[in-house]
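Structure record follows, encoded as structure tokens.
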Amino acid sequence: MSSGVVCVTGASGYIASWLVKLLLQRGYTVKASVRDPNDPKKTEHLLSLDGAKERLHLFKANLLEEGSFDSIVEGCVGVFHTASPFFHAVTDPQAELIDPAVKGTLNVLGSCAKAPSVKRVVVTSSIAAVAYNRNPRTPDVVVDETWFTDPDFCKGLQLWYVVSKTLAEDAAWKFAKEKGIDMVTINPAMVIGPLLQPTLNTSAAAILSLINGISLFR
């Protein structure tokens, strides 16, 4: 069994919930951030996990509040940053998606830069940050680390979630290199499978729409 203290941000989300479950299984103590620790819909599935009673600690944190992750990250050897809004129906893209993604990521990394215990940071980015540009994506094309989404191109198409994830990852790499943070990113596409949380994540909702025969594009 591994041991140590790690942080997971946005712990009530799909990927983060599975991270918490797997980290607890491996013997880690998990300091997890959620927007509202008193909301059972966001916390009950986490608190019921094996090992949660002994090694899971929930904290309230705001992506837009500078320093709100300091106490959560303190003492952690690893930080998994997953917190970032993901939905398509937006009225104010800057406030609803871009600011929480970019400023939130920089806030978490800022806390990591202050914590000498942190050895590695894993940022959950998205395929959105690498695949949307004017380059062709034919079957023989490999999307690799040289690819990056063109935010201006996506702004013209009003792909605001794509813009938010692209700007957030770009800002994260610049900050990590400036501060000497050992950081890696993952860029998942559709994320589906058994749900730990009681509500549908956006990827699972898309699959349910297909099952129900509802068009995703109307």
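The figures here come from the full heavy-atom set of this structure, side chains too, leaving out hydrogens, waters and symmetry mates.
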Problem - N107 CG to E65 CD distance, which is reported to the nearest 0.5 Å - result: 8.5 Å
Exercise for the section: Starting at CD1 of I127, measure out to OH of Y132 and round the result to the nearest 0.5 Å. Expected result: 7.0 Å
Practice task
Mark yes or no for whether S126, through its side chain, and N187, through its backbone, hold a donor-acceptor pair below 3.5 Å.
Solution key: no
Practice task
For R120, enumerate each residue passing the side chain to side chain contact (heavy atoms under 4.5 Å, CB included) test, keeping only those at least two apart in sequence or located in another chain.
Solution key: V122, D182, V184
Exercise for the section: May I ask you to check whether over 12 heavy atoms, not counting those of D50, lie within 6.0 Å of atom CG? Expected result: no
Practice task
Answer yes or no: are there more than 12 heavy-atom neighbours, outside Q94 itself, under 6.0 Å from its atom CD?
Solution key: yes
Problem - Donor-acceptor pair between E74 and S117 side chains, under 3.5 angstrom - result: no
Exercise for the section: Would you check if the side chain of R137 reaches a backbone N or O of A131 as a donor-acceptor pair within less than 3.5 Å? Expected result: yes
Practice task
For the pair K119 (side chain) and V77 (backbone), establish whether a donor and an acceptor sit closer than 3.5 Å, ignoring hydrogens and angles.
Solution key: no
Fill in the blank from the handout: By side-chain hydrogen bond (donor to acceptor under 3.5 Å, both in side chains), S111 pairs with (sequence neighbours left out) D70
Fill in the blank from the handout: Those residues at least two apart in sequence (or on a different chain) that pass side-chain hydrogen bond (donor to acceptor under 3.5 Å, both in side chains) with T105 are H81
Fill in the blank from the handout: A32 and L56 have their tightest heavy-atom pair at CB-CD1, 4.0 Å
Practice task
Could you tell me whether D150 and R134 have a side-chain N and a carboxylate O separated by less than 4.0 Å?
Solution key: yes
Exercise for the section: Determine whether more than 12 heavy atoms belonging to other residues, nucleotides or ligands lie under 6.0 Å from atom NZ of K114. Expected result: yes
Practice task
Would you tell me whether H57 and T29 have side-chain atoms, one donor and one acceptor, within less than 3.5 Å of each other?
Solution key: no
